[in-house]
There are 2 protein chains.
Amino acid sequence: MARPSTPKLSSELIAAAALKLVDKNGEFTIPQLAKALSVSASSLYNHVGGKDEIIELMRGQAMSRVQLPEAPGGHWRETLRLIAVSYFESYSRHPRLIPLFTSHTVRDRTTLRVYDALAQTLAGAGFDPAARLTAITIIDSFVLGSALDAAAPDEVWAADVDSSASFTEALEEGLGSAERAEQTFGQGLDIILAGLEARVSARG
Amino acid sequence: MARPSTPKLSSELIAAAALKLVDKNGEFTIPQLAKALSVSASSLYNHVGGKDEIIELMRGQAMSRVQLPEAPGGHWRETLRLIAVSYFESYSRHPRLIPLFTSHTVRDRTTLRVYDALAQTLAGAGFDPAARLTAITIIDSFVLGSALDAAAPDEVWAADVDSSASFTEALEEGLGSAERAEQTFGQGLDIILAGLEARVSARG
DNA sequence: ACCTGAACACCGTTCAAGT
DNA sequence: ACCTGAACACCGTTCAAGT
């Protein structure tokens, strides 16, 4: 074997294969990944720096599907909503991926692009820099938290023998469904956007 | 050596030592943990089922500090606020712990107690079961997402060369500080609680 | 430049042996 | 009941060797 005339690997192929493994198993190991690509483990290191870099590449691949409205036509609140929903959906398409992200600083270009779009929309709406950072942080935290909620194993909370009726009744209401997670996200987002709007308009 | 007359270990001691390691290093391994406890790795298995159980124990230890107002004296909104803030602070006290939680279903009693308190407060305020679940999910998602934001490495986002001025200006505004994360959380929480209140009172 | 196989240090867990 | 040390299967990464 040794070097083939046309490379068997690329960082894109590696990230895609890793994504597939994570979607299926919730995690991936280098040997698994190598096997899925019909290659020896050490080959991977010709294309990526290590496991952490593969995770960043997966983030990029997942985030590349976020839709950013280019001509911010409508109201800024509607624009923010579109971005946030698309952002949430991109996470939700690969729910099991999210836990892998949570310990890394975002350096991926595609993801930074999303923050950028949020920042510009907010600037256009009259948010000063500090208010911008606050708003982005609130939206980002809520998107991530909601995606994690959607990601969690079928039963997020395993109610206890001595949980209150108030809690168990509520739990029974929403069994199953990624749909529920998405609906709940939408409601929370609406609340947040309305609240943000009330705060800017209050100041001028 | 062999069996000492008084045990050297307990699940509490193990969880506490693991928590210390995570606070310092952001992770822990069984050999590290054994060394910190001056014990051999295999000894741990006399007290805990494995690494996953140690993580659940750490969650319990972190959550045991959440303050639940027993006599819900004031307005329900204020009660919810107290619970949520205390919940957030408990996570924030051990920020590096959070990534370890994100792939496990909550089974820990202490944590379920928090959801229970939220559910009861909401029930008292007139939220029906479905609305209760929605509200709890929104609050929980926001707490978790905000705690993750606080947890992330010093610079959550590493701005790019070609990030917009709108974004980089905003970033410069809030450099450093867990304080900032806490303030932002408080603002977001206020928005969410106000929005929830508007929704119940609208229905009656 | 890009693949392989051998090698290294490390991980989580099990289990027989000891008291 | 509770600790130890040896053992196992597995992990991520490096590196000389091949083309």
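The figures here come from the full heavy-atom set of this structure, side chains too, leaving out hydrogens, waters and symmetry mates. Just so we're on the same page: letters track the sequence lines, and every chain starts at 1.
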Below 4.0 Å: OP1/OP2 of [N] and any side-chain N or O of [X]:
X     : N      : value
B:T29 : C:dC11 : yes
B:S40 : D:dT4  : yes
B:H47 : D:dC3  : yes
A:K8  : C:dT4  : yes

- Describe, in one word, how the ring planes of A:F167 and B:Y115 are oriented to each other, choosing from parallel (under 30°), tilted (30 to 60°) and perpendicular (over 60°). parallel
Interatomic distance where [atom1] belongs to [X] and [atom2] belongs to [N] [whole Å]:
X     : N      : atom1 : atom2 : result
B:N46 : C:dG12 : CG    : P     : 17 Å
A:E53 : D:dG12 : CD    : C1'   : 14 Å
A:I14 : D:dT13 : CD1   : P     : 12 Å
A:K35 : D:dC10 : NZ    : P     : 11 Å
A:F28 : D:dC11 : CZ    : P     : 12 Å
B:I54 : C:dC11 : CD1   : P     : 14 Å
B:Y45 : C:dC11 : OH    : C1'   : 9 Å

- With DNA chain D as reference, determine whether A:S43 or B:S38 sits nearer its 5' end, using the nearest nucleotide of each.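 Closer to the 5' end of DNA chain D: B:S38.
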- Task: Specify the residue among B:L44 and A:K51 whose closest nucleotide of DNA chain D lies further upstream toward the 5′ end.
- Result: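 Result: B:L44.
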- Query: Would you find more than 12 non-hydrogen atoms of other residues, nucleotides or ligands less than 6.0 Å from A:R93 atom CZ?
  - Reply: yes
- Could you tell me whether B:R109 atom CZ has more than 12 heavy atoms of other residues or ligands within 6.0 Å of it? no
- Message: Do B:D108 and B:M58 make a side-chain contact, defined as non-hydrogen atoms from C-beta onward lying under 4.5 Å apart?
- Response: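 With C-beta onward as the side chain, the pair stays apart.
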- Task: May I ask which nucleotide in the shown strands pairs with D:dC2, Watson-Crick or G-U wobble, both distances under 3.5 Å?
- Result: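 Pairing partner: C:dG18.
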- Task: State the pairing partner of C:dT13; accept Watson-Crick or G-U wobble contacts with both distances under 3.5 Å, and report none otherwise.
- Result: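 With both distances under 3.5 Å, C:dT13 matches D:dA7.
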Nearest to the [X] side chain among [options], which nucleotide is it?
X     : options               : value
A:S42 : C:dC3, D:dC3, D:dC15  : D:dC15
B:P7  : D:dT4, C:dC11, D:dC3  : D:dC3
B:I30 : D:dT4, C:dT13, D:dT14 : C:dT13

- Message: I want to know whether B:F185 and B:F142 have ring centres closer than 6.0 Å.
- Response: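 Between B:F185 and B:F142, the centre distance is under 6.0 Å.
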